[in-house]
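The next block holds one structure in the form of structure tokens; read it before the comments.
This one's a predicted model, so the numbers in the text were calculated from it and none came from an experiment. The basis for the numbers below is simple: all heavy atoms, side chains too, and nothing from hydrogens, waters or symmetry mates.
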Amino acid sequence: MGNSVLDGRASAVSGDGVITKFYTSTAWIEGRAEQQLEEIAGWTGVQRVAAFPDLHPGKYGPVGCAVLADRIFPQLIGNDIGCGMSLFQLDLPVRKLKLEKALPRMRILGEPGSEDQGWRLESVGLPTDMFATSLGTIGGGNHFCEVQTVAEAEGSTGLDASRLYLLVHSGSRGLGNAVLDSVPPGAYAGLQEDCDAARAYLKDHGNAVRWASLNRQIIAERAAEALRADLTRLVDAPHNLLARHGEGWLHRKGAAVADRGFVPLAGSRASASFLMDASSHGDALGSLAHGAGRRYDRSSMHGRVRAKRSDIEGMQRTPFGGRVLCEDRDLLIEEAPLAYKSSKAVAEDLERTGAGHRVAEFHPLLTFKKTRDGRRS
DNA sequence: ATGTGC
């Protein structure tokens, strides 16, 4: 079972599927994540797997990989179908942002979106009442809406360091969850594309992908409105989705679509995020890491960080002089910077293995996670 | 991850 190829240029066989790892021996990768990688590679129908340095264990398989198969495995996409990162430019100069004023205004993101969003759903070909009350809400877990500054950027990016940017990480909320729930028993063994269950899944999955993308757009619009700014979307990069790939099906799980432009690689709330240019590496399956990746699982975080009042207050500030709006104590702890790998180390491994390279670095100023009253946020 | 489970 030798699958120790680390340079992204060669591959090793494990079971049926060929695994290519886009990380070096310096990467923080849990043994359990690599076990999951090998298990998946051994599933009947799996042909190729690309694994990225943000790899970490997940419920049905590792997060941070792209899996090419001759059939459809709905569980490899998971419940948050269409989840991804979108990057927006605000027409707001950095020098105009007053953190203490902007922070309370961002609270609007913790409230349900306006009821009048049927036309937005219709505009992307979705039923006007499809999970309409959740539209424009970021959800829980690792989701966020972040105001960023440009620390460094290549000219080719067209980024303007005097402006503010928004990075939104969110997905399809209850919709994607309902889609995974609706899959018939037995589907986890793999669906052939010419069966009714596969056709139903593909249709529902497509809806969830469109819903999630619209959701990120509306979240950004709400944040921009709170900051009294206009916005332009620069990147929309989903990382949990299924796509046709040649004759097969490409399952991206925490692996960003990297064959249609730059890809955001999110750091923790207290570290840099990067904009990556993927190198069209033949074995990377048109994908790239989507973020720093989890270092420690949620439950173990409660034993790893102190949570006195002063500690909690400290976690609401960042080394960049930024602020974190997260009034859920457990979430604040579970998403502490310690819970994540180094985004810089992840980016460097992508560069060393030829999967992609950094074209810009962003630093967070304001991170919106959750308000106390926003029970449905 | 989840208009949130025991």
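Pairs engaging residues 137-153 of chain A under the salt bridge (charged side-chain N to carboxylate O under 4.0 Å, His left out) rule: none recorded [sequence neighbours left out].
If you measure from atom CG of A:L175 to atom P of B:dT4, you get 14 Å, rounded to the nearest angstrom. Atom CG of A:N215 is separated from atom P of B:dT2 by 10 Å (rounded to the nearest Å). B:dT4 atom P lies 16 Å from atom CG of A:L180, rounded to whole Å. Between A:E334 atom CD and B:dT2 atom P there is a gap of 13 Å when expressed in whole angstrom units. Distance A:H143 NE2 to B:dT2 C1': 10 Å, rounded to the nearest Å. Rounding to whole angstrom units, CG of residue A:N240 and P of B:dT2 are separated by 11 Å. Rounded to whole Å, atom C1' of B:dT2 lies 17 Å from atom CD1 of A:I77. Rounded to a whole Å, the CG atom of A:D181 is 9 Å from the C1' atom of B:dT2.
The cationic group of A:R304 lies under 6.0 Å from the six-membered ring centre of A:Y296 and within 45° of the ring axis, placing it in a cation-pi geometry.
Judged by distance alone, the side chains of A:R173 and A:T137 do bring a donor and an acceptor atom under 3.5 Å apart.
Here A:G78 lies out of heavy-atom contact (under 4.0 Å) with every strand.
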With a cut-off of 3.5 Å and sequence neighbours excluded, list every side-chain donor-acceptor pair involving residues 55-72 of chain A.
unit_1 : atom_1 : unit_2 : atom_2 : d
A:H56  : ND1    : A:D54  : O      : 2.9
A:H56  : ND1    : A:R294 : N      : 3.4

